[in-house]
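Beneath this line is the structure, given in structure tokens, with notes to follow.
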Amino acid sequence: MIEAIARIENIGTFHQLAPDEPVRFQKLTLIYGPNGTGKTTLCAILRSLARNDADILKGRKTVGRDGPSRVDITLAGGKSCVWNGDAWEGERPRIDVYDEQFVRENLYTEAVEVDQKRNLLQVVLGEEAVRLQEEIKKLDADSRETQREITRREEELTKILGDRLKLTDFLNLRKDPEIDKKIEVTVAQVEAHRDAETIKTNPKLQELPLPTVPDHLKDILQRTVEQLAYDAENKLDDHLHRCGLGGHGRRWLEQGLGFVREEPDAQCPFCGQSLEPVKDLIQAYRAVFSEEYRALKGEIEKLAREVTDAFGEAREAQIAEIVATNQERWAFWKKYVGPIGDEVAPPTDWRSVWKTFRKTAVDARDQKSKVPLERVATDEVRRATERLKDTLRALENYNEAIAKLNERIERCKQEASTEKLDQAERELNRLQLIKRRHEPPLAEKCAALEALRDKKEEITKQKKDKNVELESEFRKLAHVEERVNALLQRFGAGFAIAEMKQENPGGKPALGWSIKIREQTVPLGTAKTPLSEPHFKNTLSAGDRSALAFAFFVAQLEQKPDLAERIVVLDDPFTSQDSSRRRTTLNEIGELVEKAANVVVCSHDIGFLLDLKRQRMRAARQEVEIKFGLEVGSSLKKNDFDTLVDDRTTACEARLWTYLMRDEGDPSIVAADLRMFIEQRVKARFPEIRASNVPLGNVIGRLRQKALVREEDLKDLSAINEYASRFHHAEAGGDVLNVDPQELKAMIKLAIGVVRRMYTLQPTPG
């Protein structure tokens with residue numbers, strides 16, 4: 001609830017309103033002010049506050065005065081809201097304003113246009129519907145902006161993809177952790193199909209012919225004949241050398257040894273001498289030429305052949321040649337059979353290991369051959385053998401890898417076909433797209449697009465939910481239509497509204513409706529509708545349109561669940577209404593006083609305000625007059641309207657005489673005073689038509705009906721009324737050039753003359 005307007009500075013006609021004791025507002029506050037003194041400015045201030053619309057007041061800053069504009073409004077509970085020249089601060093009360101601006105924005109100017117239909121829909125449905133519509137509007141804007149970004153990103157990706165794959169299919173490609181391997185395999189397949197003829201004739205790889213390590217090498221090197229002397233071989237060789245027997249001596253001794261007996265006193269079978277002195281030598285002969293000795297020597301010789309055959313240079317060269325050949329063949333095959341992980345190759349040091357073993361084994365064999373009966377050290381041979389075995393195991397692994405590669409090569413040979421090339425290339429393209437889809441920068445672009453699509457989907461869902469809520473708000477339209485028609489009936493209107501429903505011109509919601517006259521539906525039309533066709537503009541009178549606008553305002557107010565907490569502001573709500581409709585307007589305002597927190601009624605018609613005051617004598621009320629001076633601007637003063645009527649009539653007459661006699665005063669205000677002066681003097685002269693809410697036009701009609709004045713006076717009164725009506729609703733400080741001083745003085749003289757005649761002459765009966 002508004003308690004008081006404590007300050008208005010530099011807004012419209014209010015230059016510096018800052019009273020010591022601000023006028024206190026009540027449940028019903030009546031504000032009287034001649035047109036142009038500031039009623040419209042007060043309504044603009046309250047509309048700006050209600051909407052939190054800064055532009056309304058910025059455009060009304062007082063012209064020609066320095067300093068910022070400011071408004072201080074005191075609310076119930078000591079709270080306040082302040083206009084600081086740029087924005088409102090503090091708590092904002094809920095206010096509904098009915099004035100010409102309301103009519104222009106929501107119903108019509110001359111015709112009913114689309115923007116007015118849109119505004120009226122928001123007014124009728126209320127704040128919740130407005131909130132929903134604003135949210136839907138924002139969602140629509142977000143949806144359009146999101147869709148524009150989606151389209152931009154789709155076009156960007158489509159341009160990158162070309163005709164290789166549809167965008168939807170591209171986005172649906174799932175990430176594959178083995179994509180690189182699959183691409184490599186498919187690349188090989190493509191190459192294989194492309195070179196199918198060459199593949200079928202190219203040889204596979206070869207496995208290495210690997211020897212086995214002689215496990216008895218260590219045993220032979222350690223073997224001996226226990227009963228023989230270790231130096232038998234040396235003794236034999238020494239004897240043969242001293243005797244000069246040469247190479248044939250060994251065979252001769254071996255044959256002759258068979259004739260020597262083994263008795264203790266045995267003699268040489270050739271010379272008969274005793275063999276005792278040379279028994280050690282004979283024993284050495286027997287060891288050298290024994291079966292065990294010969295067997296040992298044979299194994300040593302065999303070992304030499306085994307090492308030479310298995311690990312000799314020829315075998316080494318053979319294996320090296322196969323390895324080299326495989327490398328050459330693999331250089332051909334590897335692009336066809338796909339990835340194999342690590343490169344297939346023998347250990348790089350296999351030949352050095354091989355040669356080390358061979359040399360170590362041969363050296364040990366040679367040493368054993370020289371002293372067959374002695375044990376040869378085997379540590380070096382053991383180490384060389386262990387390294388060789390490790391190398392052979394690595395070479396066996398190489399052979400296993402070669403075997404697996406040959407299996408793949410064989411499959412490649414069997415599957416390679418130029419007829420399968422197209423299919424393989426398509427699969428390769430698909431795999432490559434999968435890889436690109438999930439790697440920068442396309443991964444980020446796709447993620448952004450999918451996020452935008454998710455956002456669009458969420459916006460669509462939210463919009464759908466909001467529209468469901470809004471549909472429930474639209475059900476209020478039936479109640480509003482019913483209430484407006486009930487009010488129109490009370491106004492005595494000969495028409496009703498019909499077909500009230502939501503429309504969507506240009507994709508934006510609006511309130512569609514028609515008028516019904518004698519059961520005939522008349523369209524609203526637009527400003528472009530020709531006058532030859534029945535429509536709103538040429539079917540309803542000004543009074544009908546005024547009643548309709550006020551009916552809509554009241555009906556939408558009654559839809560608000562918080563009406564008891566709202567402030568209702570009415571500025572001349574009876575414009576163009578006859579006396580019957582003015583009474584209905586008074587009654588409706590009286591009901592609003594009972595329902596709303598505040599009702600503020602502003603008017604230039606003191607009679608209307610007096611009638612409202614008398615109708616609501618029991619309501620807490622305040623009577624306020626707006627006073628205006630060219631130098632000081634407008635001010636708000638408490639005043640008793642009953643006293644004000646007489647004072648104002650006297651003041652009007654004084655201003656008329658001052659202007660007539662001394663050319664002093666504002667011509668536009670003086671012109672507007674004519675109507676007040678005539679109305680009050682006529683009503684005072686004829687009590688039978690004294691009802692205060694009857695405008696001058698109706699007064700003249702009653703005078704003519706009752707034949708209370710002469711016909712020539714009626715003509716003069718009509719001329720004065722027609723002239724004064726032009727200035728009755730003019731703003732203060734209007735275009736003074738529009739008032740012709742001579743014409744104004746003539747009208748003043750005419751008005752004074754008519755009043756004098758009415759007070760001195762009686763009409764002619766009949």
**Study point:** side chain to side chain contact (heavy atoms under 4.5 Å, CB included) assessment of Lys516 paired with Val522
**Key:** CA-CA 6 Å; Lys516 183 173 285 189; Val522 177; over 6 Å; no
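- Listed for the Lys117 side chain is no donor-acceptor partner under 3.5 Å among the backbone atoms of Leu511.
- Looking only at distances, no side-chain donor or acceptor of Thr74 sits under 3.5 Å from a matching main-chain atom of Ser80.
- Shown are Arg24, Lys79, Gln26; of these, the side chain to side chain donor-acceptor pair (under 3.5 Å) with Glu3 is made only by Arg24.
- Inspection of the Arg702 and Gln705 side chains reveals no N or O donor paired with an N or O acceptor under 3.5 Å.
- Using modelled atom types and a 3.5 Å distance limit, the side chains of Gln502 and Asn504 yield a donor-acceptor pair.
- Ionic pairing of Asp72 and Arg70 is present here: one or more N-O contacts between side-chain nitrogen and carboxylate oxygen are shorter than 4.0 angstrom.
- Inter-residue side-chain proximity for Pro93 and Glu91 is flagged as unmet; no heavy-atom pair is nearer than 4.5 Å.
- Looking only at side-chain heavy atoms (C-beta outward), Asn639 and Val624 stay at 4.5 Å or farther from each other.
- Heavy atoms of other residues, nucleotides or ligands lying less than 6.0 angstrom from NZ of Lys637 number 12 at most.
- Ion pairing between Asp96 and Lys560 holds under the 4.0 Å rule for side-chain N and carboxylate O.
- Between Asp115 and Arg118 there is a salt bridge, since at least one side-chain N of the basic residue sits less than 4.0 Å from a carboxylate O of the acidic one.
- To the nearest 0.5 Å, atoms CG (Leu610) and CG (Leu30) are separated by 9.0 Å.
- The number of heavy atoms from other shown groups lying within 6.0 Å of CD (Gln16) does not exceed 12.
- For the residue pair Ser514 / Glu499, a side-chain donor-acceptor distance below 3.5 Å is found, with atom types taken as modelled.
- A donor-acceptor pair under 3.5 Å is formed between the side chain of Asn106 and the backbone N or O of Phe102.
- Under 3.5 Å, the side chains of Ser48 and Trp83 contain no donor-acceptor pair of N or O atoms.
- Ion pairing of Glu471 with Arg475 is absent here, as no side-chain N (NZ or NE/NH1/NH2) approaches a carboxylate O to less than 4.0 Å.
- Between Glu89 and Asn84, the side chains place a donor N or O and an acceptor N or O closer than 3.5 Å (distance only, hydrogens not considered).
- From Tyr32, atom OH reaches atom CD of Glu625 across 7.0 Å, with rounding to the nearest 0.5 Å.
- Within the 4.5 Å cutoff, no side-chain heavy atoms of Glu481 are placed close to those of Trp513.
- Residues Asp571 and Gln101 have side chains that never bring a donor and an acceptor to within less than 3.5 angstrom of each other.
- Using the six-membered ring where Trp is involved, Phe550 and Phe491 have ring planes that are perpendicular, over 60° apart on the 30 and 60° scheme.
- Each of Leu42, Val23, Val601 was compared with Ile31 under the side-chain contact (heavy atoms from CB on, under 4.5 Å) criterion, and only Leu42 meets it.
- Val600 is listed as a side-chain neighbour of Phe25, based on a closest heavy-atom distance under 4.5 Å.
- Here NE2 of His15 is found 12.0 Å from CD1 of Ile8. Values are rounded to the nearest 0.5 Å.
- Between the side chains of Ser541 and Asp544, at least one donor N or O sits under 3.5 Å from an acceptor N or O.
- For the pair Trp88/Val82, no side-chain contact is recorded, criterion being any heavy-atom separation below 4.5 Å from C-beta on.
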Exercise for review: List the steps, then state whether side chain to side chain contact (heavy atoms under 4.5 Å, CB included) holds for Arg675 with Glu679.
Suggested key: CA-CA 6 Å; Arg675 184 167 176 173; Glu679 281 184 0; 3.4 Å; yes
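- By the 4.0 Å N-to-carboxylate-O rule, Glu591 lies close enough to Arg490 to be salt-bridged with it.
- A distance of 9.5 Å separates CG in Leu563 from CD in Gln556, rounded to the nearest 0.5 Å.
- A distance of 10.0 Å separates OG1 of Thr40 from CZ of Arg47, quoted to the nearest 0.5 Å.
- Look at Arg131 and Glu135 and you find a salt bridge, because one of the NZ, NE, NH1 or NH2 atoms lies within 4.0 Å of a carboxylate O, short of that distance.
- Panel note: side chain Lys27, backbone Val599; no donor-acceptor pair is recorded below 3.5 Å.
- Between Leu656 and Val670 the shortest side-chain heavy-atom distance falls below 4.5 Å.
- Side-chain contact check for Thr13 versus Thr62: every heavy-atom pair is 4.5 Å or farther apart.
- Judged by distance alone, the side chains of Asp572 and Ser603 do bring a donor and an acceptor atom under 3.5 Å apart.
- Between Ile589 and Tyr98 there is no side-chain heavy-atom pair separated by less than 4.5 Å.
- Checked for salt-bridge contact, Arg7 and Glu9 meet the test: a charged N lies under 4.0 Å from a carboxylate O.
- A distance of 14.0 Å separates CG in Leu548 from CZ in Phe553, rounded to the nearest 0.5 Å.
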Practice item. Give the intermediate values and the outcome of side chain to side chain contact (heavy atoms under 4.5 Å, CB included) for residues Lys638 and Gln622. Key: CA-CA 7 Å; Lys638 284 198 304 181; Gln622 182 68 275; 3.2 Å; yes
